[in-house]
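Heads up, the thing below is written out as C-alpha cells.
Just so you know, ligand 1 is whichever comes first in the structure, and atom 1 is the first atom listed for that ligand.
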Amino acid sequence: MPNPYGHFDDENREYVITRPDTPLPWLNYLGQDDFFGLCTNCGGGYTFFRDAKLRRLTRYRYNEIPYDNNGRYLYVKDGGTVWSPTWKPVRTPLDRYECRHGLGYTRIAAEKDGVEVEMLFFIPNGETVELWKTTVRNKSGAKKSLQLFSFQEFCSYEAQNDATNYQRTYSIGEVEVEDGVIYHTTEFRERRDHYTIFGCTRPLSGFDTCRDAFVGVHHGLHDPCAVLAGQSGNSIAHGWNPIGSHGLSLELEPGAEESFTFVLGYIEHGKENKFAAPFVINKVKGRAAMEKYRDMGAVDAAFAAVSSRWDELLGVIHVKTPSAVLNRMGNIWNQVQCMATFNLSRSASLFETGIGRGMGYRDSNQDLLGFVHLVPEKARQRLLDIAATQMSGGLCFHQYQPLTKKGNADIGGGFMDDHLWLILSACAYIKETGDAGVLQENIGYADQPDDAKVGSLLDHLELSIRYCLDNCGPHGLPLIGHADWNDCLNLNCFSTEPNESFQLAAHGADDRVAESLMIAGLFLHAANLFAELYDFLGQAAPAARIREGYAAIRRAVDEHGWDGSWFLRAYDASGNPVGSAQNPEGKIYIESQGWCILGGVGLEDGRARQALDSVHEHLFFEHGCVLQQPAYSGYHVELGEVSSYPPGYKENAGVFCHNNPWIQFALMRLGDGDRAFDYYLSICPAAKEDTIDTYRGEPYVYSQMISGKDAAVPGEAKNAWLTGCAAWTFLTVSQGFCGIQPDYHGLRLDPCIPAAWPEFQAIRRFRGATYHITVKNPSGCCKGIARLTVDGRAMPLHVIPLAQPGAKVEVEAILGAA
Ligand code: BGC
Ligand code: NOJ
C-alpha cells in the first residue's frame with residue numbers, strides 16, 4: 001500500500017507530506033552552524049543558539065496534547081474563518097496542504113477558500129537568524145481582506161528553569177518594541193548580554209507581546225482572543241509569558257500576491273555597550289539583522305546559499321546502485337541525519353528535550369564517523385573538544401554541554417567503553433584528511449584545571465588503550481563499570497529503589513568483577529586501528545606494544561568469551577555469564593556478536609559464521625535484529641535497566657537500530673553481502689512506507705528503536721533522528737556495500753554487495769581529487785576483486801593511490817575470484 005501521508009521527491013531532495021495528520025509529528029532540522037531550529041510538518045518546534053538547554057529562544061511544550069502544539073504559527077482571518085497554513089494550531093480543515101521537508105529548510109503551503117499561504121522556514125548559513133519567508137496569494141475571483149497574525153512564544157533562555165521555576169520566571173519577562181520589531185530582553189538587565197528579535201519586514205497593523213493579552217487566559221492557541229477579534233492589542237509584556245505576534249492587514253485583488261519575511265534572531269552583544277540609555281537595550285545589531293532581510297533578494301540569496309552548501313556537501317560521495325532505497329537514503333537523507341547527529345548528539349529532538357543529555361562522549365565519537373567526510377575541519381575541532389573531557393586517569397565525562405564544553409558532573413564517568421571510541425574517531429579523521437598533525441595537539445585533561453597536565457591527542461589515545469588493559473576482571477576481560485555501549489546493562493547497580501539512576505546506583509567492591517565482551521571486541525578493533533596508525537607514522541615499537549595488548553585481550557576472548565554457538569555478552573558481578581545458553585532469558589545479545597567479529601575473533605575458525613547464524617536464528621525478524629533474546633520477562637536486580645523495560649522495547653529485545661549495522665559489517669567481513677543487504681532493508685525507514693501506520697516514524701530518517709517481536713505492536717519506530725544508527729548505517733553504505741574506504745595512503749576499495757547487483761557506480765571526492773568508480777559484477781558474486789584499474793592501469797587489488805588535488809580519476813573494478 002502506498003504511504004497515504006506523503007512521498008519522496010528525490011530530484012528536489014525533499015520529503016513531501018500531503019496530509020498534516022501524520023502518524024506522529026514528522027520533524028526536520030533547520031540550521032547547521034551555531035543556530036538550530038526543530039521544525040515539524042505543522043511548523044512545531046523551537047529555536048536555539050548552540051545549546052538547547054542554555055540558550056533556548058522559543059518555547060515548546062514536550063508531551064503536549066495533541067503532540068506538537070507550539071511553534072512558528074501564522075493565523076489567517078478571512079471573514080469569519082480562521083485557519084493556519086501549518087494546519088496547527090487552529091486545525092481548520094484545509095483545501096490543500098503540502099509540507100516539503102528539504103535540506104535545512106521546511107516549506108509549508110496551504111490553501112483555504114481561494115487564499116494560498118506558503119511559508120519557507122530556514123536559517124541562513126553561518127547566521128543566527130531564522131527566516132520565515134511568507135507569500136500570500138489570492139487565487140479566488142474576488143478581492144480578499146485578510147487579517148494575519150504571527151505567533152511565537154519566547155523562552156527565558158535557560159530551558160529547564162523556564163519550564164519549572166514559575167515563581168521567578170513569571171516576574172522576569174521583559175520586551176521592547178521599536179518600529180514593530182519585538183525585542184525579547186528577559187534578564188538582559190542583569191547578567192545576560194544577548195536578546196532575541198522577532199520582526200516582520202512588512203508594515204504592521206499592530207503587535208502583541210503579552211500572551212494573556214493575545215491568547216486570553218482561558219483560551220488556547222487554536223482560538224486566541226486577538227485573532228478572533230481581528231485586532232492586535234499592542235500589549236507590552238511585564239513578566240508572565242512574553243510572546244511575539246505581529247498583526248498584518250492585507251487587501252489582495254484577485255490574482256494578487258504579497259511576500260514578506262518574519263525574522264527571528266539571536267543577538268549577542270558582549271558586555272560592553274549593552275544599553276543605549278539606562279535600561280534601554282542597545283539595538284544596533286538587532287536593527288542591522290532586520291535591515292538585511294527587508295530586501296527579499298537577500299532572503300532568496302540566503303536560501304540559495306543553503307541549498308548550494310548542501311550541493312557541495314552531498315557531492316563528496318554519491319552512489320548509483322540498483323537499489324533505489326539505498327540511493328535515496330545514502331545520497332541524501334542518511335547524510336542529512338549524520339549532520340544532525342553530529343551537531344546535536346542526543347540533545348534536542350522530539351524525544352530528547354534539550355535539557356537532559358548534552359553531547360554524549362561515545363555518541364559524538366561515533367557521530368563523527370558518519371560526518372567527517374562532510375566538513376573535516378569541524379570534525380577536527382570536535383575531536384579535540386571530546387578528548388578534552390577525558391580525565392587524566394583515563395575515564396571520560398559521559399556527557400558535556402555544547403555551550404560550555406564542560407563535562408556534566410552529575411553523571412561523571414565510569415562508562416568503560418567511552419574512551420575507546422576516541423580511537424575510532426581519531427583514525428577516521430586522519431584517514432579522511434591525512435592530517436596526522438592533529439595527534440600532536442595539546443588538549444589537557446578535564447580533571448586538571450589550568451592545563452596542569454598537558455596531554456596531546458596521541459597521549460589521550462594511549463591512555464584509552466592503557467586504561468582498558470589495566471582495568472580487566474577475573475577472566476582478563478575489560479571491566480564494564482556503570483555500563484558499556486548498552487547503557488542499560490548495569491551489572492554493578494543492584495538497585496531496588498525507584499528514585500535512583502540505574503547507571504549511577506551503588507557501586508562498590510563488585511565493580512572489579514563484572515566484565516564486558518562488547519568492550520573486549522571494541523578494544524580489539526580499536527587496537528588494530530591504533531597499531532595501523534603507528535605503522536603509518538613509522539613507529540614500529542609502539543605498534544608492537546599495541547599488538548601485544550591486542551593479543552592479551554584476544555586470548556581472554558578466545559578462552560572465556562565463547563558460549564558454544566555465539567559470543568557471551570558479559571560476566572556479571574558474581575562472575576556468572578550473561579548472554580549464555582545457560583541463562584533462562586537473555587541467552588544471546590547482539591553487541592558482542594558484532595564487536596568480537598569486527599575485532600577479528602572467529603574469522604579463521606568458523607565461530608564468526610556460527611555467531612552470525614545464531615543472530616539470524618534468534619534475533620533477526622522482518623523489522624531487524626532485536627538486541628537480545630529471549631526478552632527478560634521481569635526485573636533482574638543483577639542486570640539493571642535492561643530488564644526494566646517491558647519485553648520488546650528499548651534494550652530489552654527491541655530492535656535497537658544503532659547496533660544493527662555492526663552485524664551488517666560483520667556479515668560483510670565474511671563476504672555475505674546478500675544477508676547484510678536484507679538486514680539493511682529490514683531497518684531502513686524508506687522501506688517502511690507501505691506499513692507506515694505501524695511504523696509511525698519519519699520514513700526519511702532512522703529511529704533509535706523499532707519495537708521487537710515480543711512487543712505488543714512489533715515494528716513501531718520510536719525516537720527518530722538522534723541515533724548512532726545514522727553514522728553507522730552511512731558507513732555500511734559507503735564503506736561496506738560500496739566498499740569505498742578512506743585510508744592513510746589513498747582509498748581502499750573492497751565492496752560487498754548482494755550477488756544479484758550487476759554493477760554500481762560511485763563518485764567520491766577525497767583529499768581534493770574526484771574518483772569516478774565503476775564496479776562490475778559479471779559473475780554474480782558478493783565480494784572479492786578480480787581486477788582493478790585506475791585510469792586504465794592495473795593496480796594491486798584494493799589500492800586506489802592518492803591522486804593530485806584537482807585530478808579526476810577513473811576507477812574500474814571487476815568483482816570475482818582474484
Ligand atoms: C535508555 C538508553 C539511554 C539511557 C541514557 C536509558 O533509559 O534506555 O537507551 O542511552 O537511558 O541515559
Ligand atoms: C542511547 C545512547 O545515546 C547511547 O549512548 C547508548 O549506547 C544506547 N542508548 C544503548 O543503550
Side-chain angles (χ1 to χ4, degrees), residues 337 340-342 344-349 351-370 386 389 396-400 408 410-422 424-425 480-491 493 495 498-505 516 518-519 521-522 569-570 586 589-592 594-595 625-628 631-632 635 639-662 702-708 711 717-728:
Q337 191 174 3
T341 58
F342 177 84
L344 302 171
S345 190
R346 306 296 169 268
S347 67
S349 70
F351 298 79
E352 307 279 6
T353 57
I355 56 178
R357 298 188 283 164
M359 311 295 281
Y361 191 99
R362 76 161 82 88
D363 295 322
S364 293
N365 276 304
Q366 292 172 78
D367 296 341
L368 190 148
L369 304 176
I386 300 172
T389 64
C396 311
F397 276 105
H398 194 51
Q399 293 155 11
Y400 71 95
N408 291 341
D410 48 351
I411 181 147
F415 295 76
M416 302 286 250
D417 61 318
D418 274 342
H419 40 281
L420 292 171
W421 298 106
L422 186 67
L424 276 67
S425 55
I480 197 168
H482 295 322
D484 59 23
W485 172 87
N486 188 334
D487 278 324
C488 298
L489 192 59
N490 313 123
L491 303 180
C493 149
S495 180
N499 300 325
E500 62 191 16
S501 145
F502 288 104
Q503 281 80 32
L504 304 184
S516 161
M518 181 268 154
I519 302 184
L522 175 63
R569 177 62 175 85
Y589 274 68
I590 198 167
E591 304 96 322
S592 45
W595 279 108
C625 295
V626 298
L627 193 148
Q628 38 90 357
Y632 295 111
Y635 180 54
L639 300 175
E641 188 173 358
V642 66
S643 59
S644 73
Y645 287 108
Y649 295 96
K650 293 281 282 183
E651 283 85 344
N652 189 16
V655 175
F656 213 99
C657 296
H658 183 154
N659 54 42
N660 273 237
W662 301 339
Y702 288 89
S703 286
Q704 183 202 60
M705 186 205 55
I706 303 174
S707 51
K718 257 178 224 168
N719 203 348
W721 278 100
L722 301 184
T723 160
C725 180
W728 279 104

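- Ion pairing of Asp367 with Arg346 is present here, as a side-chain N (NZ or NE/NH1/NH2) and a carboxylate O approach within less than 4.0 Å.
- For the salt bridge (charged side-chain N to carboxylate O under 4.0 Å, His left out) test, residues two or more places apart in sequence or in another chain that qualify with Glu352 are Arg357.
- Closer than 4.0 angstrom to ligand 1 sit non-hydrogen atoms from Arg357, Asp487, Cys488, Glu641, Tyr645, Lys650, Glu651, Phe656, Gln704.
- For ligand 2, the 4.0 Å heavy-atom shell contains residues Arg346, Arg357, Arg362, Asp363, Trp485, Asn486, Asp487, Glu651, Phe656, Gln704.
- In terms of modelled atom types and a separation under 3.5 Å, the side chain of Asp418 and the main chain of Gly414 share no donor-acceptor contact.
- One distance of note links NZ of Lys718 with OG of Ser707; it measures 6.5 Å at 0.5 Å rounding.
- At least one donor-acceptor pair under 3.5 Å links the side chain of Ser364 to the backbone N or O of Gly360.
- Asp417 places a side-chain N or O within donor-acceptor distance of the main-chain N or O of Trp485, the cut-off being under 3.5 Å.
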As a quick check of understanding, evaluate side-chain hydrogen bond (donor to acceptor under 3.5 Å, both in side chains) for Trp662 and Glu591, giving each step before the final call. CA-CA 8 Å; Trp662 301 339; Glu591 304 96 322; over 6 Å; no

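- One finds a salt bridge joining Asp487 and Arg362 here, because a Lys/Arg side-chain nitrogen approaches an Asp/Glu carboxylate oxygen to under 4.0 Å.
- Residues meeting the ring pair (Phe, Tyr, Trp, His ring centres under 6.0 Å) test with Phe342, sequence neighbours left out: Phe371.
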